[in-house]
Each structure stands twice: as structure tokens, then as C-alpha cells.
Amino acid sequence: MALYKTQTLKIHNSLTGKKEEFTPLHEGHVGMYVCGPTVYSNVHLGNCRTFMSFDLIFRYLLHLGYKVRYVRNITDAGHLEDDADQGEDKISKKARLEKIEPMEVVQRYTVDFHNTLQKFNLLPPSIEPTATGHIVEQIEIIKVIMDKGYAYEKNGSVYFDVVKFNEDYQYGKLSGRKLEDMIANTRELAAQDEKNNPQDFALWKRAEPQHIMRWPSPWGEGFPGWHLECTVMSTKYLGETFDIHGGGMDLKFPHHECEIAQAEASNDKSPVRYWLHANMLTLNGKKMAKSTGNNLLPNEIFSGENTLLSKAFAPTVVRFFMMQAHYTSILDLSDEALLAAEKGYHRLMDAMELLHNLPTGVTSGFDLGAWRQRCYDAMNDDFNAPVLIAQLFEAVKAIHLIREGKQEITAADLEGLSETLHGFVFDVLGLERAHRESGESEKLDGTLELLVELRNRARTDKDYATADRIRDALNDLGIQIKDGKDGTTFSY
RNA sequence: GGCAUCGUGGCCGAGUGGCUAGGCACAGCUCUGCAAAAGCUUGUACAGCGGUUCGAAUCCGCUCGAUGCCUCCA
């Protein structure tokens, strides 16, 4: 029997502001859409946190036995020109100056995006559609919205008529805004543009001569509006109404609000049953953003080449760090926090290793069933990974007690413990054992084993000067010697 | 200015109307030739001020502060 039949999952729905019991539209199947990246520069760590949050959600849904269709788009159209001008990103600017094809920029950063997410051990989505691959569908939906009277054309551009829409529907229900308030607030700074109202947004934009990405349409050459692709691709692959729509908190308004408006205007149906918003990752207390320069690239963390951190951190350690915070909370990145997470990560992984040769007995002092359910309870409560991790450390404590002979566990329970632990640590949280780069390390390891052997011989001979010299010299090189009960190991 | 979220022990970070996660650091202990590593043990915190209540850090109000959105942004 699928786990979802016995586990009651509750999800915080941004639309209602409440935790609601999750029941998919079609039993056993879940449709999930997440707004993906705009590929005009390298993904920064903040982007990664959002996608990682939804990776956790995807993984847990799979773990519960749901068949999940997970759609995450790639935005590769529309705003390349503007961003190259405004942003600090030198590569895309250079690409433009050298008249490199825009799709070359897209390709480069799409590859970077995939590489980076793979390092963080994110599962690929079921479908990863691109905006440029759905121009036709976008044009079609614009026609529908125009036919229904919720859009108007001006000089080759088409705008969504928010005021008209608001007469029949409710604009702003996701972000808790009222159109009247918005109009009152923006009246003075209304830009002199073609829109009837500042709140209106573009469905199709006329391409100016210098705009490099352009497609023919009934309204002339142009490109699709910023919010349209998500409406088109989500409903195309998941249906007019689907279960979960996710994205970063910063997309709640206006992006997701506009998506709702577009979908309702064209299908007359609320498109999404559960809206989920992942919160921001901050750096020095401020949001990480490409545009402000307050950002850190994943590779800069993995290599240690940055000015903010004292050392390099493995991708899985960064993942563990992020999993220790709930996805709806703001998380502030710092060297101290990462260092603490790294130690905790090792403690967890070391305990997983101990699992292999633990003594078993005739009774269990460890209540496996109750503990396992506490793990599920944590995840069932809006994917609360931090609480799950707390439970995992309860198991770590038990493992040590059993190892020291202070507690007993039956063979069957040990197997269950091991299985559950592996399931949550590797399948649900998506953690991995951090491994060193192979190749050179084989030689190094052999050399170290020899040094350890020589040192231990010196210790037996009470030649502590030699023993300590080896230990201290290695330590200066960043290699730590660890004398344990069962022999000496090292780490670097 | 408007809307939203948040303010937890040295740090990070959960949670809850009464039964007080977890990680890291610190301290003590065990182990060790000495260390380190590892393991064990210990922490009554919830921005401030009022109110509701038998009881609030958890609910309500106000104040202060932080962050996000209101323009592309995960």
C-alpha cells in the first residue's frame, strides 16, 4: 500500500494562508509546477535554495508513493536585452556586444544551471519546458484573452486589462492586495506609457529594432510578456487546474498574481489548488540578488574562492545547512552557520557508518515504530525538514548508546532503523556522502597510511618526539590524525 | 506611503496556550603517552509595553526593529 494512504500530509497554502490537508485532484497523482530560472547569468545560491526546497517537496511526494509530474520551466525569452543593459553580468553583456547569438547565452547558462543543481543532488523535473518552445501556445492564449475582453492592443503590444478583469474576478487575492489601493498608491508616479492603467501588464511586447529575440504574431514582430509562459506551460502539461504551484516568495507579486489572472481570464477556472512559496536566502542580512551584487555563486563556495567564507564547503554540506531551516523561513548564510552545519553533517554521516556493525540483542530499548512515525509527522507537517533532522539526531544518539552497549536493539529493529534512516537521509533530504576528488587522493592515502603506520610504531617504542612530529607536520598541512579505539584514521 | 512576513538562549534554527526540538560553540567527564578526534552530561531563551486567560513565549492590541514585495529577480 502506498504510504500516502496512511500518512496525512499538510501543506501551507499561500492562497489561504492556512495549513491544509493535501489531497491531489487525481488520487495517487500530483501535478506540480515551479517557476524556473531566467538563464542570462550563473545561478546564484539563493536560486538554488528555492529549487532545493521544491526538490525536497518533490522527493517527499515520491517517497509517499505519489506519481508526480514535476514541471519546471526555463525562461529563455523576453528580457535578455534589458537585463544585459542593467545588470552587472559581464558575460551576457559581452555576448551582446560581440553579437553572439542570444541562444548561445541561453545555452551557456542553462548548462551551468543543470550542472549546479546536479552538484546539489537535485532530481531533474519530469518536464523542463522553455518559453521559446511555446511561442505559438502563448500567442493562442493571448487571442483567447482578447476575445473575452480582458486584453487590448496598442501599437503592436497587447496588455492585460487588470481593471476590467477585477470587475469580474478578484485581482490580488494571492498577495493580499486590493486594486483600489494599488491605483491610489501609484497615481502620482504613473509612467507615460501605452497602458491604460499602470497595473496592466504586457501579454505581448512589440520588438524595438535593437531587440534581438523576436517572433511574428498577429500584432507584428515581438516577444511574449513576462508572466505568460508559466500560465501556458503549466496548463499545457498539468491541466487547467493542477495541484501545486511553487516559486520564490519574490514571485508572489506580481508574477503569480498575473498567472492567476491570465488563467482565470482564459479558462474561467482557478488554476492552482495549493500555492507554495519558498523564502529568501539572505547574505549579510540582505536578499541575494543578481542585480544588487549581493550574491554568492555555488562554485565559489565549493572552491572556497570567495571573500566571505573561511573555507570551501561541499555541496551536500550546503544542502544540509539549508535543510536545517524550514522552506518558508528566511535563512541567513554565514561562515559560522556553515561551519556548524558541516560538523552536524559529519556527526550524522559518521553515525550512518556505525550502523553497519552494531551489536544486536534480544530486546529493543529503542522504539522504532514511534520514532519512525515522528519522522513522518515532521515531514507531514508542511515538509518540516528541520524537525525531521532533529529526529534523525535522536537516532544518532541511540546508535551511540547501542554501540557502547548501553542500549539493546534487535536485528529486525536495526534493519528497520537503517532502512528508515537511509530513506530519509538520502532519498528524502537528498544528502550524499561527501567524497574527495579521486585520482591524486589514492596516492596521498597510501602515503598517509604509511606515515600513520610509522607513527604508531614510534608510539609503541615510546618515541613520542617522532610520533608528535608526524602528527604536527600533517596537521600543519591540514591533515588531521584521529586516534580511535579501533586504530588511527585521518581526514583532510 | 501601501501590502506581507518575521523578531526565540553565545550563534544557527524548530515549535507550542500548561508536558520547555535539534545542530554548533562553551564547560565538565570518559578515552589518550600528551593532544586532537570521538562519545557522554549540562543550558528554562522566546523584542518591549498593555490586554484576554486558572495559566502565554504561543491569542489580541500597540510600540520598536528587521526583511521582502509594490519595476526584472528564486
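None of these values were measured; they are calculated from a predicted model. Hydrogens, waters and symmetry mates play no part in the numbers below; they use all other heavy atoms, side chains included. Below, chains carry the letters A, B, ... as their sequence lines are ordered, and counting in each starts from 1.
Nearest-nucleotide positions on RNA chain B for A:H227 and A:A467 put A:A467 closer to the 5' end.
With distances taken from any side-chain atom of A:W226 to the nucleotides B:rA74, B:rA14, B:rC72, the minimum falls on B:rC72. For A:T50, the side-chain atoms get nearest to B:rA74 when compared with the rest of B:rG13, B:rA74, B:rG33. Which of B:rG2, B:rG33, B:rA36 sits closest to the side chain of A:K482 comes down to B:rA36.
Of the candidates A:T132, A:T75, A:D76, A:T130, A:V106 forms a side-chain contact (heavy atoms from CB on, under 4.5 Å) with just one, namely A:D76.
For the residue pair A:T116/A:N299, the side-chain donor-acceptor check at 3.5 Å is not satisfied.
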Dump every N/O contact between nucleotides 20-31 of chain B and the protein below 3.5 Å, one line per pair.
residue: B:rA25; atom: OP1; partner: A:K343; partner atom: NZ; Å: 2.7

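Relative orientation of the A:H256 and A:H277 rings is tilted, given thresholds of 30° and 60° on the angle between their planes. Under the 30°/60° scheme for interplanar angles, the aromatic rings of A:Y60 and A:Y376 are found to be tilted. Aromatic ring pairs are classed by plane angle as parallel below 30°, tilted from 30° to 60° and perpendicular above 60°; the pair A:F58 and A:Y70 is tilted. Between A:F366 and A:W371, the ring planes are tilted. Angles from 30° to 60° get that label.
Across B:rC73 and B:rG65, the matching C1' atoms stand 26 Å from one another, rounded to whole Å. On the C1' atoms, B:rC12 is 29 Å away from B:rC49, given to the nearest whole Å. Nucleotides B:rG13 and B:rC6 are separated by 14 Å at their C1' atoms, to the nearest Å. One P atom belongs to B:rU63, the other to B:rA4, and the distance between them is 15 Å to the nearest Å. Taking atom C1' in both B:rC29 and B:rU44, one finds a spacing of 23 Å when rounded to whole Å. Using atom C1' as the reference point in both B:rA45 and B:rU20, the two lie 10 Å apart (nearest Å). As rounded to the nearest Å, B:rA36 and B:rG28 have P atoms that lie 11 Å from one another. Nucleotides B:rU53 and B:rU58, compared at atom C1', are 13 Å apart to the nearest Å.
Among the atoms of the strands shown, only primed sugar atoms or phosphate atoms (P, OP1, OP2) are found under 4.0 Å from some heavy atom of A:G36. Using a 4.0 Å heavy-atom distance criterion, A:D350 is classed as making no nucleic acid contact. Using a 4.0 Å heavy-atom distance criterion, A:R471 is classed as a base contact. When heavy atoms are screened at a 4.0 angstrom cut-off, A:A278 is found touching no nucleic acid atom at all. Within 4.0 Å of A:H255, counting heavy atoms only, lies no atom of the nucleic acid at all. Base contact: A:L281 has a heavy atom under 4.0 Å from a base atom. Residue A:K286 is classed as a sugar-phosphate contact, given heavy-atom separations below 4.0 Å to backbone atoms only. Residue contacts shown for A:L338 are absent, as no nucleic acid heavy atom lies under 4.0 Å away. Among the protein residues, A:G484 comes within range of no part of the nucleic acid, since none of its heavy atoms lies under 4.0 Å from any strand.
In this structure, A:D483 pairs ionically with A:R455, as a charged nitrogen and a carboxylate oxygen lie closer than 4.0 Å. Note on A:K173 versus A:E257: no salt bridge recorded, every NZ/NE/NH1/NH2 to OD/OE distance being 4.0 Å or above. With respect to the salt-bridge test (charged N to carboxylate O, under 4.0 angstrom), the residues A:R471 and A:D468 qualify.
The cationic atom of A:K311 (NZ for Lys, CZ for Arg) lies less than 6.0 Å from the six-membered ring centre of A:F313 and within 45° of the ring axis. By the 6.0 Å and 45° rule, A:R177 stacks over the aromatic ring of A:F253.
Here the P atom of nucleotide B:rG39 and the CD atom of A:E353 are 14 Å apart, to the nearest Å. In this structure, CG of A:D472 is placed 14 Å from C1' of B:rG33, rounded to the nearest angstrom. The nearest whole Å value for the distance from the CG atom in A:L174 to the C1' atom in B:rU5 is 14 Å. Regarding A:L333, its CG atom lies at a distance of 16 Å from the C1' atom of B:rU67, rounded to whole Å. In this structure, A:M280 places its CE atom 11 Å from P of B:rC73, rounding to the nearest Å. The CG-P distance, from A:N47 to B:rA74, rounds to 5 Å in whole Å. As rounded to whole Å, 13 Å separates atom C1' of B:rA74 from atom CD1 of A:I57. The distance between atom CG of A:D250 and atom P of B:rA74, rounded to the nearest whole Å, is 7 Å.
Taking 3.5 Å as the limit, the base of B:rG33 and the side chain of A:D483 contain no donor-acceptor pair of atoms between them. No hydrogens or angles were tested; on distance alone, nothing pairs the side chain of A:R177 with the base of B:rC70 as donor and acceptor under 3.5 Å.
The side chain of A:N475 contributes no N or O atom lying less than 4.0 Å from OP1 or OP2 of B:rA36. Taking only side-chain nitrogens and oxygens, A:H400 comes nearer than 4.0 Å to OP1 or OP2 of B:rG39. Remark: A:S329 is not in phosphate contact with B:rU5, judged by side-chain N or O atoms under 4.0 Å from OP1 or OP2. Between A:T38 and B:rA74 there is a side-chain polar atom (N or O) within less than 4.0 angstrom of OP1 or OP2. Taking only side-chain nitrogens and oxygens, A:K287 comes nearer than 4.0 Å to OP1 or OP2 of B:rC69.
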Problem - Pairing annotation in dot-bracket form, given for RNA chain B with Watson-Crick or G-U pairs under 3.5 Å and | for cross-strand partners - result: (((((((..(((.....[...)))..((((.......)))).....(((((..]....))))))))))))....

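A distance of 5.0 Å separates CG of A:L228 from CD of A:Q262, quoted to the nearest 0.5 Å.
Within the 3.5 Å criterion, the main-chain N or O of A:N121 finds a donor-acceptor partner in the side chain of A:R319.
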